[in-house]
Amino acid sequence: MGYVESILRKYTSFGLEHLHQIHSHLLVTGLFQFHHSRSKFLDFCATSSAAAAAGLAYAIAVFRFLQSPRTNDWNAIIRGHAKSDHPINAFHWYLAMSRAPCKPDALTCSFFLQACARALARIESLQMHAEVLKSGCGADVLLQTTLLDVYAKCGDLDYACQVFDEMSVRDIASWNALIAGLAQGNRPYEALKLFNRMTEGRGSEFMPNEVTVLGALSACSQLGAIKEGEKVYDYIRKRKLDKNVIVCNAVIDMYSKCGLVKKAFGVFEAMRCLRSLVTWNTMIMGFAMDGDGHKALQLFNRMVENRHRLAPDGVTYLAALCACNHGGMVDEGTRLFELMGRHGVRKNMKHYGCMVDLLGRAGRLGEAYDIIHSMPIFPDAVLWQTLLGASTIHGNLEMAENASRKLVEIGSTACGDFVLLSNVYAAHERWSDVRRVRDAMKTRDVKKVPGFSYIEMNGAIVQFYNGDKSHPKWKDIHAKLEEIRFKIRELGYEPGTNYVLHDIGEEEKDNALSYHSEKLAVAFGLIGMDDASTININKNLRICGDCHVVIKLVSKLYDREIVVRDRTRFHRFKDGVCSCRDYW
Ligand code: ZN
Ligand code: ZN
């Protein structure tokens with residue numbers, strides 16, 4: 001270790017005055033003339049977290065007096081900016097450097113890319129990638145790892161995969177960056193493929209660690225991929241990674257999101273490490289999502305009784321309120337909501353949303369309205385949408401109009417809001433109002449979110465969009481749907497007309513409903529899976545009323561258990577009934 005480093009090491013906590021001291025010392029001893037010592041000092045000032053922004057400013061001030069700064073001096077300043085609250089400034093300094101006599105090196109590029117990663121600067125990272133290739137540093141492991149990280153963070157996963165494949169030497173951090181990037185970037189399937197490649201040892205001498213399994217578990221949760229999830233958990237136990245509480249929390253979350261709340265609870269009870277607040281919250285939410293309000297509240301009470309260890313926070317209360325909501329437990333919910341205030345836990349928009357939903361569904365629209373009016377924060381569109389939804393269910397035209405007016409004031413362009421209001425008018429046979437709402441939709445550029453569903457089949461994940469014809473077996477799938485439609489019509493089923501827009505003809509409306517992604521997935525499941533196994537489906541939006549009716553009938557007709565996880569909860573269809581008791 002050099003002399004300057006040894007001086008710098010002595011300072012564990014310091015302010016600007018210490019920087020002055022070190023600077024004077026270097027000047028007096030003549031060390032400042034040696035560029036190695038000087039750049040070390042600059043780097044120390046610019047990047048030390050203890051001195052923060054003042055340190056960077058000091059480094060810049062010193063830099064400006066240098067006659068002919070060297071590459072390492074520039075690097076110190078660029079690195080300082082990359083780590084600062086304004087990483088974009090690194091780009092300006094890089095530009096200035098490229099016009100100066102000395103040239104950027106591999107470290108400069110790496111600091112520049114770190115700035116890109118923090119600023120999510122996609123274009124700049126592409127430009128730097130080109131620079132790296134031109135400069136012949138393309139095979140530098142540090143640069144490749146940084147590039148991979150940047151692409152993963154910016155969501156450019158194709159580039160990330162490309163860089164990964166081109167790497168001659170890969171370390172664990174690169175593997176982990178890509179798996180986490182894919183899992184977070186809505187490409188969970190590829191994340192899992194990579195994880196398997198890693199565990200099977202193909203092209204990797206590294207074994208997955210805690211960080212890797214977290215990425216893989218998150219991918220399984222998103223996909224609702226039970227078999228894959230089990231495989232990851234087996235691996236975790238084999239490698240004894242379950243001593244880590246964060247890993248355990250992720251396993252509980254994965255099982256809950258895959259609809260196996262019993263297994264999640266098994267992991268919760270058997271944990272060998274100390275449970276954290278997140279552990280409790282995840283488990284309570286798991287029961288809530290599964291619609292088991294009683295188990296969720298039991299656990300909540302167990303936690304409250306353990307008060308000397310962990311006190312429930314806002315997330316715990318939200319999970320407990322959700323449990324009441326999905327279980328239709330209005331009084332319990334009201335009690336919890338009051339308890340929050342007494343325990344001094346701050347309420348946020350989601351707590352209010354949950355309460356409005358709970359009261360609204362129970363038909364206590366007035367109380368729901370009062371809550372929105374009395375809350376100390378400005379209600380968002382979701383709250384009014386919730387009230388609108390509840391008013392629609394209970395046919396309360398006045399309240400529906402009230403909520404819609406607020407939504408218009410806020411400037412909502414969500415398709416669902418308009419459809420709901422038009423449905424209330426239609427139910428009251430106020431056709432001119434229906435027409436007015438429909439016209440408003442056209443002028444306001446109302447947007448629809450495309451619906452899609454995942455289904456796991458023999459270890460592979462298949463995705464369907466509404467009206468999808470891209471699957472190689474689509475003809476069989478559509479034939480199966482025809483068969484289902486024919487059979488359930490014999491049972492007296494009429495396609496729900498409330499659930500699609502009124503401005504398409506009767507026949508088309510019937511078709512639009514028939515090809516919702518979850519119905520396609522159910523048909524695919526019926527064709528492809530052996531008779532005993534449960535069909536597990538994962539849907540990005542709330543399941544529509546028509547699909548709900550149809551899947552209930554299918555579960556009876558074909559004697560199959562079907563589980564649909566939608567945006568808000570699980571629906572477990574069996575013998576013609578759903579676990580949500582038509583309450584969702
Ligand atoms: Zn549907
Ligand atoms: Zn249901």
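First listed ligand is number 1; within each ligand, the first listed atom is number 1.
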Is the number of heavy atoms from other residues, nucleotides or ligands within 6.0 Å of CD (E398) greater than 12? no

Is the ring centre of H471 less than 6.0 Å from the ring centre of F464? yes

Given SG of C578 on one side and SG of C580 on the other, what angle do they make at the Zn ion (ligand 2), to 10°? 110°

I want to check something: taking the side chain as every heavy atom from C-beta on, are P379 and Y352 in contact at a cut-off of under 4.5 Å? no

Test applied, side chain to side chain contact (heavy atoms under 4.5 Å, CB included); reference residue, V522; option that passes from I551, I477, L481: I551

Looking only at N, O or S atoms, find the one in H516 nearest to the Zn ion (ligand 1) and name it. ND1

For the Zn ion (ligand 2), what is the closest N, O or S atom on H571? ND1

